Amino acid sequence: MDEQSPDISSSHSGDERREPAQPGERKPWDDFDDVLDLTGGAGQFSQPFSGSHPARDIEEEEEDEEEERGAWKDSLEPSPVEEEPGSIDSISPVSPHSPAVPSAPMEEPERPPAPCTAPSGSVVVDLIYWRDIKRSGVVFGASLFLLLSLSVFSIVSVLAYIALALLSVTISLRIYKGILQAIQKSEEGHPFRSILESNLAVPEDLVQKYCNVALNHVNCTVKELRHLFLVEDLVDSLKFAVLMWVFTYIGALFNGLTLLIVALISLFSIPVIYERHQTQVDHYLALVNKNLKSTSDLILSKVPGLKRKAE
């Protein structure tokens with residue numbers, strides 16, 4: 001111990017001299033001198049080397065203990081769960097002292113009115129709007145041919161010719177199938193067996209349904225005629241009289257069949273035209289209705305006794 005004390009004291013004090021090294025023996029501070037020579041001298045290490053400080057060691061131990069206590073507390077706390085931004089739990093609660101800020105009402109953008117589309121699902125509507133071109137063409141052509149035939153021949157002659165044409169087709173097909181089966185010696189049977197075995201009876205519920213609809217229309221028509229002919233409203237009765245007066249001129253120019261032909265052509269053409277050019281037609285119809293309404297109001301204001309009673 002006594003031999004090591006001069007070495008330790010010489011290493012801690014910068015003023016004391018080092019003991020001369022014996023030849024062939026390398027002292028521990030020789031390595032330190034080499035480091036000083038490489039780094040440029042001992043000027044950078046002017047502070048004397050000192051041993052371990054007890055106060056500093058105690059502080060480091062206290063810091064290590066505090067870090068271990070913090071790590072132990074963190075291990076006891078549950079790990080935070082990542083929440084989605086849209087979840088309810090992720091929304092921060094509003095403080096009761098903070099005033100509630102009213103949210104501005106969101107104004108929905110005005111949507112343009114949807115174009116009027118033709119209803120679907122009814123057989124008559126599908127025929128009028130030409131959903132199936134072949135079926136609509138067959139119905140329109142047959143109806144037009146029947147009306148044109150009635151304009152030339154009497155209804156009895158037209159029905160007789162239609163029955164003869166149908167019988168000629170069915171009899172010819174029946175004879176042709178019979179000859180073909182005799183030649184081929186096959187037993188296919190009657191060519192119209194599937195139609196003969198099918199049930200062609202009209203269901204009662206369907207008849208009752210259309211009878212109820214027709215009855216409602218008849219009752220409404222009778223009620224409206226009573227309203228017009230018994231002059232419940234003078235203005236409506238005068239309008240009906242003007243309309244009948246116009247029909248006298250139409251009847252002098254056209255007969256009933258001609259009007260039916262015109263109505264049939266209009267039925268199969270006007271809905272399709274309106275569906276394709278709805279915007280332009282609605283614009284012109286609005287102008288016509290506006291002019292008619294202004295003219296009617298002007299006439300009612302000039303002629304005494306024609307003003308409607310306020311309901």
Side-chain angles (χ1 to χ4, degrees), residues 113 115-130 136 139-156 158 209-311:
C116 180
T117 57
S120 59
S122 177
V123 179
V124 179
V125 172
D126 293 340
L127 291 175
I128 292 173
Y129 283 91
W130 297 79
S136 299
V139 173
F140 175 70
S143 302
L144 186 60
F145 177 76
L146 177 63
L147 293 177
L148 292 176
S149 300
L150 290 175
S151 63
V152 177
F153 304 100
S154 63
I155 186 172
V156 178
V158 171
K209 174 184 176 182
Y210 285 104
C211 286
N212 292 332
V213 173
L215 182 61
N216 292 331
H217 286 292
V218 169
N219 291 333
C220 292
T221 303
V222 171
K223 184 178 179 180
E224 188 65 24
L225 291 175
R226 183 187 64 182
H227 169 75
L228 293 173
F229 283 103
L230 297 182
V231 198
E232 185 177 0
D233 192 339
L234 181 60
V235 176
D236 292 340
S237 298
L238 290 176
K239 288 180 180 179
F240 183 69
V242 172
L243 181 63
M244 293 297 104
W245 179 67
V246 172
F247 276 171
T248 57
Y249 289 94
I250 295 176
L253 298 175
F254 307 101
N255 55 14
L257 286 175
T258 306
L259 294 177
L260 288 177
I261 293 172
V262 173
L264 179 66
I265 296 173
S266 302
L267 183 64
F268 279 87
S269 59
I270 292 178
V272 179
I273 296 173
Y274 177 73
E275 185 181 16
R276 294 180 179 178
H277 307 282
Q278 179 182 355
T279 306
Q280 294 85 349
V281 173
D282 290 342
H283 175 67
Y284 288 111
L285 285 178
L287 293 177
V288 172
N289 290 331
K290 183 178 180 181
N291 293 330
L292 289 176
K293 185 178 180 180
S294 60
T295 305
S296 177
D297 294 341
L298 181 61
I299 293 174
L300 292 176
S301 62
K302 296 297 182 181
V303 179
L306 294 183
K307 292 184 180 179
R308 289 180 178 270
K309 295 180 180 180
E311 296 181 358

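For this chain, numbers begin at 1 and follow the sequence in order. All figures in this text were calculated on a predicted structure; none of them were measured in a lab.
Atom NE2 of His277 and atom OG1 of Thr279 lie 10.5 Å apart (nearest 0.5 Å). In this structure, the separation between CD1 on Ile261 and CG on Asn255 is 8.0 Å, given to the nearest 0.5 Å. To the nearest 0.5 angstrom, Ser136 atom OG is 9.0 Å from Ile128 atom CD1. Here CG of Leu243 is found 10.0 Å from CG of Leu228. Values are rounded to the nearest 0.5 Å. Between the OH atom in Tyr274 and the OH atom in Tyr129 there is a gap of 8.5 Å [rounded to 0.5 Å]. Annotation: the span from Leu260 atom CG to Ser143 atom OG amounts to 11.0 Å, rounded to 0.5 Å.
At least one donor-acceptor pair under 3.5 Å links the side chain of Asn291 to the backbone N or O of Leu287. A donor-acceptor pair under 3.5 Å links the side-chain atoms of Trp130 to the main chain of Phe268, judged by distance alone. Using a distance-only test at 3.5 Å, with no hydrogens or angles considered, no donor-acceptor pair links the side chain of Ser149 to the main chain of Val158. Checking side-chain atoms of Thr258 against main-chain N and O of Phe254 turns up no donor-acceptor pair under 3.5 Å.
Exactly one residue among Leu253, Thr248, Val246 makes a side-chain contact (heavy atoms from CB on, under 4.5 Å) with Ile250. That residue is Val246.
Using a 4.5 Å heavy-atom cutoff, the side chains of Ile270 and Leu267 are not in contact. You'll find the side chain of Thr295 stays beyond 4.5 Å of the side chain of Leu298, heavy atoms only. Side-chain atoms of Gln278 and Asp282, non-hydrogen and from C-beta on, do get closer than 4.5 Å to each other.
His227 and Asp236 are linked by a side-chain donor-acceptor pair at a separation below 3.5 angstrom, with hydrogens and angles left out of the test. Under 3.5 Å, the side chains of Asp297 and Ser294 contain no donor-acceptor pair of N or O atoms.
The aromatic rings of Phe229 and Phe240 stand perpendicular to each other, their planes meeting at an angle above 60°, with 30° marking the opposite boundary.
What you find for Leu147 and Leu264 is that their closest heavy atoms are CD1-CD2, 3.8 Å. Nearest heavy atom pair, residue Pro271 against residue Ser266, reads CD-O, 3.6 Å.
By the neighbour-count criterion of 12 heavy atoms within 6.0 Å, atom CG of Leu215 is densely surrounded, having more than that number from other residues, nucleotides or ligands.
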